[in-house]
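Working notes, beginning with the structure itself.
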Amino acid sequence: MIKKVLVANRGEIAVRVMRSCREMGILSVAVFSEADRKAMHVRYADEAYCVGPASSAESYLNIDKIIEVAKIAKADAIHPGYGFLSENATFADKVSKAGIIFIGPSIHAINTMGDKLTARELMIKSGVPVVPGTEENITDNTRLKEIANQIGYPVMIKASAGGGGKGMRLVREEKDVISAYEMAKSEARSAFGNDAVYIEKYVEGPHHIEFQIMADQHGNYVHLFERECSVQRRHQKVVEETPSPLMTPKLREEMGKRAIDAAKSVNYVGAGTVEFLVDNNLNFYFLEMNTRLQVEHPITERVTGIDLVKAQINVANGLPLPFKQEDLRQNGHAIECRIYAEDHKNNFMPSPGVVKSISEPLGLGIRTDGYVYEGYEIPFHYDPMISKLISWAPTRSEAIERMKRALYEYKITGVKTSIPFVSKIMEAKDFVDGNYDTHFIEKNMDFLMTDDDCSDYCEDIALLVAYLDYTEKMKLDGEHTLDTTHKTSQWKEFGRRKNVIRL
Amino acid sequence: MIKKVLVANRGEIAVRVMRSCREMGILSVAVFSEADRKAMHVRYADEAYCVGPASSAESYLNIDKIIEVAKIAKADAIHPGYGFLSENATFADKVSKAGIIFIGPSIHAINTMGDKLTARELMIKSGVPVVPGTEENITDNTRLKEIANQIGYPVMIKASAGGGGKGMRLVREEKDVISAYEMAKSEARSAFGNDAVYIEKYVEGPHHIEFQIMADQHGNYVHLFERECSVQRRHQKVVEETPSPLMTPKLREEMGKRAIDAAKSVNYVGAGTVEFLVDNNLNFYFLEMNTRLQVEHPITERVTGIDLVKAQINVANGLPLPFKQEDLRQNGHAIECRIYAEDHKNNFMPSPGVVKSISEPLGLGIRTDGYVYEGYEIPFHYDPMISKLISWAPTRSEAIERMKRALYEYKITGVKTSIPFVSKIMEAKDFVDGNYDTHFIEKNMDFLMTDDDCSDYCEDIALLVAYLDYTEKMKLDGEHTLDTTHKTSQWKEFGRRKNVIRL
Amino acid sequence: MPLELKIDTRVAKIHVLEHVGSNYKVEIDGRIYDLDIEKVESDTYSILLNGKSINMEMIEGDEPSQYKVNTLNNYYEIEVVDAVARYRAKAKSHMETGSNIISTPMPGKIVKIPVQEGDIVEKGQTVIIVSAMKMESEYKSASDGIVKSIHVKVGDAVEGHQPLIEIEAQ
Amino acid sequence: MPLELKIDTRVAKIHVLEHVGSNYKVEIDGRIYDLDIEKVESDTYSILLNGKSINMEMIEGDEPSQYKVNTLNNYYEIEVVDAVARYRAKAKSHMETGSNIISTPMPGKIVKIPVQEGDIVEKGQTVIIVSAMKMESEYKSASDGIVKSIHVKVGDAVEGHQPLIEIEAQ
């Protein structure tokens, strides 16, 4: 049985994994970069070892160093969290070869799902629907029209070497397909030096819906229902919820079945996520499988009551899943808002810096998974996500109301955060109505950027309080400058100042 | 419909009520004493009004002043919380007469349940079991023996004017009953100047188990299952859990039914709690009914998923309960630990003072209901309870493990708290086994008071860190004393100090 | 001591008329307010105005005279203008005349510099791309002008508020 | 500068042998430790000792030289003994010789004073009952003696650390 787990990660997910370890009586080992000596996961762990400089490539991605630490610390197992080495087959392989349990699926599963083309072919073979299209390079106009007709319009022409929207063209009718094809090719050539393009069905009003799956080493597979992740900005998820407002019981059953098929096709073991695109007519298509824990796993934990990290560790220990598909229920509704250190009013610029003060929302139906604390300096080397706020209630509308209440309570000063932005999402009509797809943020950007108006007196009072604070500050400065007999500690002095406004 | 609620309370319960108001879009009005200007409920509310000096009698118990504020603020309703005026029939009456909704039961219900003797008689009439015995003053030995035999040994002889254990005698056999009676009488005479005594059945291994009930204005009654509250110190609850480890489905059904009978006997409306004593043979006896929300209501909320404050407000609005008995489930297991500002190593002495820093436990399955914040001075005028920590998990043992993990994370400095004490409760074998009654704390006191041993190096490191902190502090003091050109703000300076150890 | 305070383009004058304990009677640009103001945390104030409970975070900016203020729904940047601050502001604006210095608000790494010294640039043209926290941000020229000097090169790690590129406005 | 530190009856001597950044090699009463010590919050330290991650809260006591230390499982009271502190301690102990002053650690209200000036009291005898936070606490004499003076009366509100009753030890 696993007695000590090295967590090869940082930030909130490292702390989250260690929480479950602690509950299971398992010791946790942190690794940290030189920039992270004061990070919460180092403080939270039972043991902590430095694995290199600030740059991720030299620390959190330093496979050999991390395995060396695992050996020194005599860790039985390594949990990779998400990001960093979590979907790195070489890492999983080296961990296993070092005689340490990798808490995740097999190398084969990671490799297969990590390669888009192989995964797509396997899904077709396994009867899991994929976005209709072809990965082949289309070289002549006849073949182009043939395939486009076969798929059915609208279609998307995409550069094989593509990314960032370059070399992409949406085509709604046959008459436009050739000119679009030529423009895409030419754009691809100049952008990537490679003019290979392929065609895919264009999914209208696309919803990003994923299924959590869990499998043990004994061939038992379950899905833990869906997560609706369509609130995205630049393919970055911002808000997730479960159940999906789009979902029907029939579709859930069908998609859950296909998600399990996808997992079975690679003999999947552990926790994984099958991502689908779903259109407004409830057609769904396999997108990819993430062979690790997801950022948004807490909403699934909240409605099913299952601790997914504990489940991962139990599976890694060779235990059978303690629940069957028919035991699982979606109880109520859960929403997650990701809180980033960013300035949404300034093009969502990341906002690292020192957290001056923080108070998390408390009370009924609220969970926070974070890692920053007062006085902590958020480093600029890593992801700007500060925390995840999860609300739960029996109904969706109550979960939204509760999230708004929690966001009202959540105070972080020193760095700009996305709290005001996600608060506006909770008020956006399309979101409240559950009537949204991946275009939601784009479509509602004007609303999301508008501040609610404060009455006239707000500004006046802000001015007054600034005035009082400044006056008091100048007075204190004066006192300290002149007082040369001053003996007590600055810290103590700081703590003692209670009635500071003495104009 | 209620649009604005005045919360006639302070501390965590005032904030907790306001949270639900906020989620419902209802404005909240705080009242505060002069000692509470900076209290969290004042900051959290939409409006706040001072109702008098620090002394509760002149502020939080000042009925006329509170009603006056409710009128000024145009509040539609008053929520009394628990304690203070929550079970004061005069208050409920005056509130109603002022045309304001009292969020609680009728004056008749408060009055009836507030009087122990009347309540006892009504329960007997309603078929709710009470502790066998008589409230009559026993004046002769024949009657004494007769009643004792009728009740069955062991019996307890109690002074009618009694309290604090004075004039109480436990009698296990008939041969001792007369001498015990005479001693009790004589003790009562000298302690209270009144030698009236009565007999009650002595409940062996007593469990304090209560049922949450909820009723609307349309005659619908449900119970929301039990709470086990036997972990008590001097009749003060310390830890509560639901389900009770003692409970059986049959007993739950029977007690739930009787709890509803008790509520029906006074045409109860709103949230209330029926407290029972249960012995080891699962006999149960009515103790009293609390006609208000209880401190420990969150564990019921967690396993049923129902927001009891919202339910109270909806009932006050005249809405029917949205659930029936058969809709309600106990999902998983919840435990609450009360966190007091007290020094358990010093006879549980209250420890008011300034909270220097606080970090609440976060993550899966944890709820905190508190009200103190960094820099807040816990006043000595009121209750020393800082917060309530609630853990939930699918099973009891996992809920205990999770509570231990949360207590590990919960850091409060500046005041002494009961965190170490309740942590030890979570480790006590009797508690872990679910094998405890109201004698638990008394019985386990030695264990609860023992610190887990730290290895040798702990003390050495503590010494070293004290040394470094002191040296650095003295150095900083020196700097500030001599630096007369020092211009920047002390606050800023404080925030900037990052690498303070520069020996 | 009546002080001037700036918020956006507004310049406000404040007079404290009465002050007992935490209670203030003040005049702000001719409007009279009765307030109860308490500092409750290191940078948080609780304000009661005719019963209304208002919370404000007052975060000191780069200078002690600058504040970033968060209210429930709004964010303000306020500057207290006293004699010292006024002098500094003057000196600064003089220094910057005709010059447009690009800097980042945070540390990061230079990803791309699509201009060279001497290039003519338009207002809004991207002159440098900096990566921080897994995101790339484009910095644009605030005016038409000529690239006067470039202080960094691709791959450099930079601190926040460090001059990266200077553009002379035309 | 080697200092003495007191913890209960133990007096410890500390020597810092080497110190680079946050890394220390120290000798504490003859034992050698290699440690990485960082102050992470205003009164919290993170310590790494051979990989073990240890957290300690160092809370300043009534004097800057006094610390209340919380570790995961333990609580210590530590006093740093330097020249100044030693002098103060001496003066204090001199002043208190033969006298036993009852005071409370917190504010409260006097509920009962079951003794009168001149009464002979035993060690452990309750001499005053104070109520705070809805609880009554009994304060007892630390030694046999005579009640020398009573500074308060029933009903008085008292501050913490205020002398309430003085008992002359016999």
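Letters go in sequence order (proteins before strands), and every chain restarts at 1.
Listed by chain and residue number, A:Y371, A:Y373 satisfy the ring pair (Phe, Tyr, Trp, His ring centres under 6.0 Å) test with A:Y376 (two or more places apart in sequence, or in another chain). With sequence neighbours excluded, no residue satisfies side-chain hydrogen bond (donor to acceptor under 3.5 Å, both in side chains) with B:E401. Scored by the side-chain contact (heavy atoms from CB on, under 4.5 Å) test, B:A393 finds B:E398, B:A399, B:R402 as partners (sequence neighbours excluded).
For the residue pair A:R43 and B:Y408, the shortest heavy atom distance occurs at O-OH, 4.2 Å. For the residue pair B:L364 and A:D369, the shortest heavy atom distance occurs at N-OD1, 4.2 Å. Summarising the geometry of A:L362 relative to B:T368, their closest heavy-atom pair is CB-O, 3.1 Å, with the distance given to 0.1 Å.
For residues 300-309 of chain B, heavy-atom neighbours of chain A at less than 4.5 Å comprise B:E301, B:R302, B:G305, B:D307, sorted by residue number.
Ranked by heavy-atom pairs under 4.5 Å with chain A, the first of B:M403, B:R367, B:R22, B:R19 is B:R19. Here B:E409 is the residue among B:E409, B:K388, B:K310, B:E374 with the most heavy-atom pairs under 4.5 Å with chain A. Ranked by non-hydrogen atom pairs under 4.5 Å with chain B, the options A:E360, A:M24, A:E12, A:R16 are led by A:E360.
Under a 4.0 Å N-O distance rule, the pair B:K404/A:E23 does not qualify as a salt bridge.
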